[in-house]
Amino acid sequence: MSGPDTVKNTIRLGTRASDLAIEQAREASRALTLAYPGINVEIVPVHALGDHDKVSPIAKLGARGVFVSTLEDRLRSGEIDAAAHSLKDMPTDTADGFVLAAVLERLDPRDVLLTSNGCCLKDLAPNARVGTGSPRRAVQIKASRPDVQITGIRGNIDTRMRKLNNGDYDAIVLAAAGLIRMGWQDRIAEFLPVETCLPSMGQGALAIETLAANTEITRLFADIEHTPTRRAVDAERSFLRQLGSGCLAPVTAHATLNGDTLSLAGLVGHPDTYEIITGSISGSPEDPEGLGIRLAERLKARGAESLLAGVVS
């Protein structure tokens, strides 16, 4: 391929400044330069709000996409040409003036358990301390092990692993994809089945955001999109959008594409009572957003809105 003539040779790709985020940006850079060998990608690390505040729970920081809004500011100002995000960090509604230009093929979407002694979830000691800052993970872990103590945790994945090694926790829950990208998969004690812990919307996938007005840059990144992943995450995002859930609510959806069938599983929970409502649906991959809407309406009919009352942020 050869890029549009009007595109400059160097594209500035913004990213969070963490080691994992930079590695993800490099992944996107490699994909783009493979498609367009004449283009150079400059990775621009940016410190986001969620990186400055390492104490408050992510769910309570209250910003629009706590790791997203700062990069959008850089796009508006022209300091960067595109932004690389973990798709799970992105709000389900794209801000005015921006476009989700591409979604790259996602890695293993599952959550994983890291433990101080290498044991799995069912073998944790009674009342074990499990570290997670995710209401979604908390309600599902409690569903499997009601006795464990869920304890909040912040920091990059290396910081969280250090806290585990220091004995602050008996186990922590992380995304498999982050550990795989960093080459730390040997630390994983257990891959949690999706039946036990339904992943976060978009988990494992990388997203590239651009200015809607910058059509040439948008077209370049569109060429490296992974269509099956895009269809899956569009269904997941549609489900969350239809429920109107905020970051305080344990709500998620996970889609898989098999041939000409797109399957979507959804979950709505309550962060205090740990009550959970789940459901699933299958349909055509040509209408992923419609699939998400239909599943959300099914769960609403089963009481999802009542469960979310007072929780949605």
Side-chain angles (χ1 to χ4, degrees), residues 4 6-8 11-17 21 24-25 28 32 41 43-53 58-104 106 200-203 205-227 229-249 251-253 255 287-293 296-297 308 312-313:
T6 56
V7 173
K8 56 189 177 182
I11 293 176
R12 298 160 300 169
L13 180 61
T15 177
R16 285 179 59 196
Q24 290 175 161
L32 188 64
V41 178
I43 294 174
V44 182
V46 174
H47 289 277
L49 172 61
D51 296 312
H52 292 297
D53 183 346
I58 289 293
K60 295 186 177 180
L61 284 179
R64 172 194 157 79
V66 68
F67 296 120
V68 173
S69 57
T70 306
L71 287 167
E72 289 178 340
D73 289 342
R74 299 297 192 277
L75 279 168
R76 284 191 191 94
S77 69
E79 296 174 56
I80 59 175
D81 304 302
H85 305 287
S86 290
L87 186 57
K88 68 183 181 66
D89 292 338
M90 298 194 73
T92 56
D93 59 317
T94 303
D96 290 343
F98 296 94
V99 64
L100 195 57
V103 176
L104 278 62
R106 72 167 149 198
S200 176
M201 174 278 296
Q203 188 156 294
L206 300 183
I208 304 298
E209 187 177 26
T210 59
L211 288 172
N214 197 337
T215 56
E216 296 296 338
I217 294 292
T218 300
R219 283 170 53 197
L220 281 181
F221 282 102
D223 284 336
I224 63 171
E225 173 151 277
H226 187 251
T227 300
T229 299
R230 180 59 176 256
R231 287 175 171 170
V233 301
D234 279 353
E236 295 165 12
R237 286 163 60 84
S238 174
F239 173 82
L240 269 70
R241 189 184 307 117
Q242 185 69 9
L243 283 170
S245 60
C247 54
L248 294 179
V251 177
T252 193
D287 184 24
E289 293 191 356
L291 199 67
I293 291 170
E297 291 303 317
L308 290 172
V312 177
S313 61

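With a 4.5 Å cut-off on side-chain heavy atoms, Asp234 and Leu291 do not count as touching. Taking 4.5 Å as the limit, some side-chain heavy atom of Leu100 sits within range of a side-chain heavy atom of Leu87. Between Val251 and Phe239, some side-chain heavy-atom pair lies under the 4.5 Å cut-off. Between Val44 and Glu79, the closest side-chain pair of non-hydrogen atoms is not below 4.5 Å.
Note that the CD1 atom of Ile43 and the CD1 atom of Ile11 stand 12.0 Å from one another [nearest 0.5 Å]. In this structure, the separation between NZ on Lys88 and CD on Glu236 is 13.0 Å, given to the nearest 0.5 Å. In this structure, CG on Leu71 lies 11.5 Å from NE2 on His47, to the nearest 0.5 angstrom. Distance check: Glu225 CD to Ile208 CD1 gives 10.5 Å after rounding to the nearest 0.5 Å. Atom CG of Asp81 and atom CZ of Arg12 lie 4.0 Å apart (nearest 0.5 Å). How far CZ of Arg219 is from CG of Asn214: 11.0 Å, rounded to the nearest 0.5 Å.
In this structure, the side chain of Glu289 does not engage the main chain of Ser238 through any donor-acceptor pair within 3.5 Å. No donor-acceptor distance shorter than 3.5 angstrom exists from the side chain of Glu209 to the backbone of Ala83, with no hydrogens or angles considered. Thr210 contributes no side-chain N or O that, together with a main-chain N or O of Ala82, makes up a donor-acceptor pair within less than 3.5 Å. In this structure, the side chain of Arg16 does not engage the main chain of Ala84 through any donor-acceptor pair within 3.5 Å. Here the side chain of Arg74 pairs no donor or acceptor atom with the backbone of Ile80 at under 3.5 angstrom.
Listed by chain and number, the residues in a side chain to side chain contact (heavy atoms under 4.5 Å, CB included) with Thr229 are Val103, Glu105, Arg106, Ala205, His226, Val233 (sequence neighbours excluded).
Contact between Thr252 and Met201 at its shortest, heavy atoms only, is OG1-N, 3.1 Å. Counting all heavy atoms, side chain and backbone alike, Ala28 lies closest to Leu104 at CA-CD2, 3.8 Å. Closest heavy-atom contact between Leu240 and Ala253: CD1-N, 3.9 Å.
Residues Thr15 and Gln24 bring no donor and acceptor atom of their side chains to less than 3.5 Å of each other.
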Could you walk me through whether Val99 and Thr94 pass the side chain to side chain contact (heavy atoms under 4.5 Å, CB included) check? CA-CA 7 Å; Val99 64; Thr94 303; 5.5 Å; no

